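Each chain gets a letter, A, B and so on, in the order its sequence line appears, and its residues count up from 1. These numbers were taken from a predicted model, which means no experiment stands behind them.
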There are 2 protein chains.
Amino acid sequence: MSDARRRPPSSTDVAALAGVSQKTVSRVLNGEPYVTDEVRERVLAAARELGYRRNTAARALHLGRFHRIGVASIGSSLYGPSSLLVALERQARQIGYAFAVAYAGEGAGVTNAVESLLAQGVDALVVSDPIDPIDGGQELRIDPDVPVLSFRPIPGLAGPRVVVTGASGVEAGRQATEHLLGLGHATVWHVAGPHRWPAARDRARGWREALAAAGAAEPPAQEGDWSPASGYAAGQVLAADPRVTAVFVANDDMAIGVLRALAEAGRAVPEEVSVVGMDDIPAAAYLSPPLTTIRQDFEAIARHGLALLAAEIERSPSEHSDPAEPAEPAEPREPAEAGEPREPAGLPPHLVVRRSTAPPAKP
Amino acid sequence: MSDARRRPPSSTDVAALAGVSQKTVSRVLNGEPYVTDEVRERVLAAARELGYRRNTAARALHLGRFHRIGVASIGSSLYGPSSLLVALERQARQIGYAFAVAYAGEGAGVTNAVESLLAQGVDALVVSDPIDPIDGGQELRIDPDVPVLSFRPIPGLAGPRVVVTGASGVEAGRQATEHLLGLGHATVWHVAGPHRWPAARDRARGWREALAAAGAAEPPAQEGDWSPASGYAAGQVLAADPRVTAVFVANDDMAIGVLRALAEAGRAVPEEVSVVGMDDIPAAAYLSPPLTTIRQDFEAIARHGLALLAAEIERSPSEHSDPAEPAEPAEPREPAEAGEPREPAGLPPHLVVRRSTAPPAKP
DNA sequence: GTGAAAGCGCTAACAC
DNA sequence: GTGTTAGCGCTTTCAC
């Protein structure tokens with residue numbers, strides 16, 4: 001006997017070995033009551049012996065829930081998105097969800113990523129760092145039945161089950177700018193991220209708002225692509241302009257490029273020009289000079305966001321076959337308007353002051 | 001009627017709407033033959049109208065395969081691991097697999113991550129950047145029935161279904177060292193990654209072998225933890241030693257710290273000290289000075305590795321219920337020895353020369 | 001060419 | 001306390 005069995009052991013096998021019914025095995029595994037300690041032990045022993053593992057497919061099939069959260073993230077190793085991903089996974093596992101990732105490339109990538117996640121079966125989605133569709137690209141549309149978490153309002157993404165929690169880029173831009181203004185600079189220049197990224201627009205908005213609030217002039221913003229190379233290019237432009245004494249750069253990588261361009265142009269940081277970055281990458285403290293930057297608490301953001309998302313999943317009447325239920329009327333919740341809607345109550349970022357910022361030189 | 005149905009449409013619903021049997025729907029969806037074009041169209045239309053999506057749980061339940069690959073990666077936003085992850089996901093999706101990730105923390109983290117992946121159901125595992133168990137921690141043990149891909153031989157991880165493809169760290173260490181030796185340096189110092197990381201040991205090994213091959217003395221290696229902070233500490237030690245003229249640093253982040261320490265100590269790079277990093281992070285070209293480093297082709301590594309893994313998955317006799325099969329005898333393949341076994345035929349890394357390296361100063 | 005029936009492994013009713 | 005039964009949505013024989 002013992003024909004080379006290839007399929008993993010099932011709960012029936014465990015039941016047979018333990019000499020109980022299959023249902024009892026199920027009870028033990030789910031920690032349900034009404035099982036003798038003695039039987040429980042026997043079942044557990046049998047399961048261990050067989051190397052039994054619950055078949056999640058069967059479970060999901062019956063429950064209609066996958067216990068899996070899908071994350072569409074930008075396909076890059078940028079520090080911010082990667083850190084957020086790690087934090088999200090940790091939190092997801094903590095609250096009992098498996099974690100699927102699909103990276104988006106440029107353009108319609110987010111849509112493809114979301115499609116791929118939906119196809120494999122997830123209970124909810126996290127849209128981590130979407131970028132706007134390129135011209136002609138279709139807008140992100142998600143099945144309204146699937147709960148979605150995003151970290152800022154996403155143009156075109158609305159629906160009854162969309163939850164938003166903030167990694168407030170606006171606040172970050174504001175803090176950076178106010179720090180420089182507070183040091184006495186007449187105004188602050190800005191090297192922005194790509195305009196197609198909502199996160200980049202947020203930071204720029206915070207910068208703009210802080211300038212306006214202080215009555216400072218708004219210089220034209222340079223736009224980069226998050227890379228040191230693009231920061232270097234922007235930095236060359238800024239270095240050539242003697243009026244520039246303070247710069248807020250939308251991420252640390254670009255700030256590295258800016259720092260280098262300033263160094264090459266012989267403009268001392270912070271004596272002649274102050275620079276603030278954003279992200280607080282591990283290298284930030286070891287640049288020349290160590291970089292003043294803005295730091296976000298990704299762990300907190302992930303925890304908060306996934307808690308909301310889990311609640312939204314639970315809200316689903318996944319109780320099936322209750323045909324005579326009170327038929328609550330569709331209940332539309334906050335029909336989000338198009339455009340750039342409400343700012344979510346975000347987790348505040350945090351300014352880390354190092355040596356790249358100082359009061360402006362006395363003329 | 002039309003009771004608020006919460007469950008997504010099933011193939012039965014599609015069948016009903018199209019006026020065919022459920023089986024026919026299945027045929028159409030799987031592209032099987034023996035379906036009239038007319039019926040096919042009708043089914044497709046019905047599916048589209050209902051927003052039908054195949055239930056992967058039911059499919060997996062029947063097939064005994066999940067069409068999902070699980071990746072245990074190190075929980076950090078280090079450039080190397082993140083880049084590899086992105087490449088792996090892209091490739092996995094390309095060949096039709098969903099992608100689950102579990103990050104490992106320190107210590108027994110890898111085991112937990114693997115456990116979590118196995119629990120959720122995956123057809124194969126990728127163990128991306130494992131680190132050795134801390135003292136007393138248990139070794140990584142994986143169900144021998146699950147194909148596993150790793151990028152270098154992992155001590156303690158062996159089994160009939162383990163496939164290894166290389167991101168040859170040894171070769172990288174060799175190249176870096178030979179480059180510096182070739183420039184005329186008497187010997188090369190090394191700032192290694194944490195010894196518990198096999199990847200760090202590989203790079204150190206390449207360094208050591210290149211020194212030995214050239215008959216150069218082997219200075220003591222400094223050990224960092226991949227962070228710029230640890231590179232800075234190591235750099236301070238090196239900067240204080242006048243014999244140091246060339247350093248191979250195991251990753252670019254630490255190299256940033258080394259550069260800073262050298263700068264603070266007034267030791268010019270590359271005039272007095274040459275530095276080679278590894279990873280070619282985007283910032284590498286914009287450091288002061290731009291960093292000579294070693295670059296790996298993660299896309300190629302991922303493609304090659306996943307192709308091997310997919311083949312290993314197929315090799316599985318997932319053809320079930322064929323009790324009278326020729327019962328091929330277990331066929332043990334390369335019983336990998338303990339220790340640090342065979343070096344896999346790896347994808348070669350690639351030296352990128354920038355301005356942080358130069359011949360030694362004439363004394 | 002198409003359909004009917006069985007069963008994958010699990011959980012929820014409902015007996016006993 | 002425990003077992004029996006049914007059924008989740010799909011794919012696979014096997015009829016027709």
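- No hydrogens or angles considered: nothing links the side chains of Q22(B) and T12(B) as a donor-acceptor pair under 3.5 Å.
- Of the side-chain N and O atoms in S26(B), one or more sit less than 4.0 angstrom from OP1 or OP2 of dT11(D).
- Between Y34(B) and dC16(D) there is no side-chain N or O to OP1 or OP2 distance below 4.0 Å.
- Judged by distance alone, the side chain of S21(A) and the main-chain N or O of T24(A) form a donor-acceptor pair under 3.5 Å.
- One distance of note links CD1 of I74(B) with OG of S82(B); it measures 11.0 Å at 0.5 Å rounding.
- Judged by distance alone with a 3.5 Å cut-off, no donor-acceptor contact links the side chain of H62(A) to the base of dG9(C).
- The base of dG9(C) has none of its N or O atoms less than 3.5 Å from a complementary donor or acceptor on the side chain of R53(A).
- Rounded to an integer number of Å, the gap from F66(B) CZ to dG9(D) P is 18 Å.
- A donor and an acceptor atom never sit less than 3.5 Å apart when one is taken from the side chain of K23(B) and the other from the base of dA4(C).
- A donor N or O paired with an acceptor N or O is not found under 3.5 Å between the base of dG1(C) and the side-chain atoms of R40(B).
- In this structure, E115(A) does not pair ionically with R93(B), as no charged nitrogen and carboxylate oxygen lie closer than 4.0 Å.
- Checking the phosphate oxygens (OP1, OP2) of dG3(D), a side-chain nitrogen or oxygen of T24(A) falls inside 4.0 Å.
- Between E38(A) and R42(A), at least one side-chain N (NZ, or NE/NH1/NH2) sits under 4.0 Å from a carboxylate O, which counts as a salt bridge.
- Heavy atoms of R54(A) sit under 4.0 angstrom from primed sugar atoms or phosphate atoms, though from no base atom.
- For S11(B), the listed nucleotide lying nearest its side chain is dC10(D); candidates were dT2(D), dG3(C), dC10(D).
- Between the P atom of dC10(C) and the CZ atom of R65(A) lies a distance of 19 Å, rounded to the nearest Å.
- Distances shown here put a side-chain N or O of N30(A) below 4.0 Å from the OP1 or OP2 atom of dT11(C).
- In this structure, of dT11(D), dT2(D), dT2(C), it is dT11(D) that holds the atom nearest to the side chain of R59(B).
- Here dT11(C) presents its P atom at 9 Å from CG of N55(A), a figure rounded to the nearest Å.
- Take the nearest nucleotide of DNA chain D for R42(A) and for Q22(A): the residue whose nucleotide is more 5' is R42(A).
- Closest to the T36(A) side chain, of the nucleotides dT11(C), dC10(C), dG1(D), is dG1(D).
- Distances from the side chain of V20(B) to the nucleotides dT4(D), dG3(C), dC8(C) place dG3(C) closest.
- Between G19(B) and L61(B), it is G19(B) whose nearest contact on DNA chain C lies nearer the 5' terminus.
- Atom CG of L63(B) is separated from atom C1' of dG9(C) by 14 Å (rounded to the nearest Å).
- Of all nucleotides listed (dC10(C), dC8(C), dG1(C)), dC10(C) comes nearest to the side chain of S10(A).
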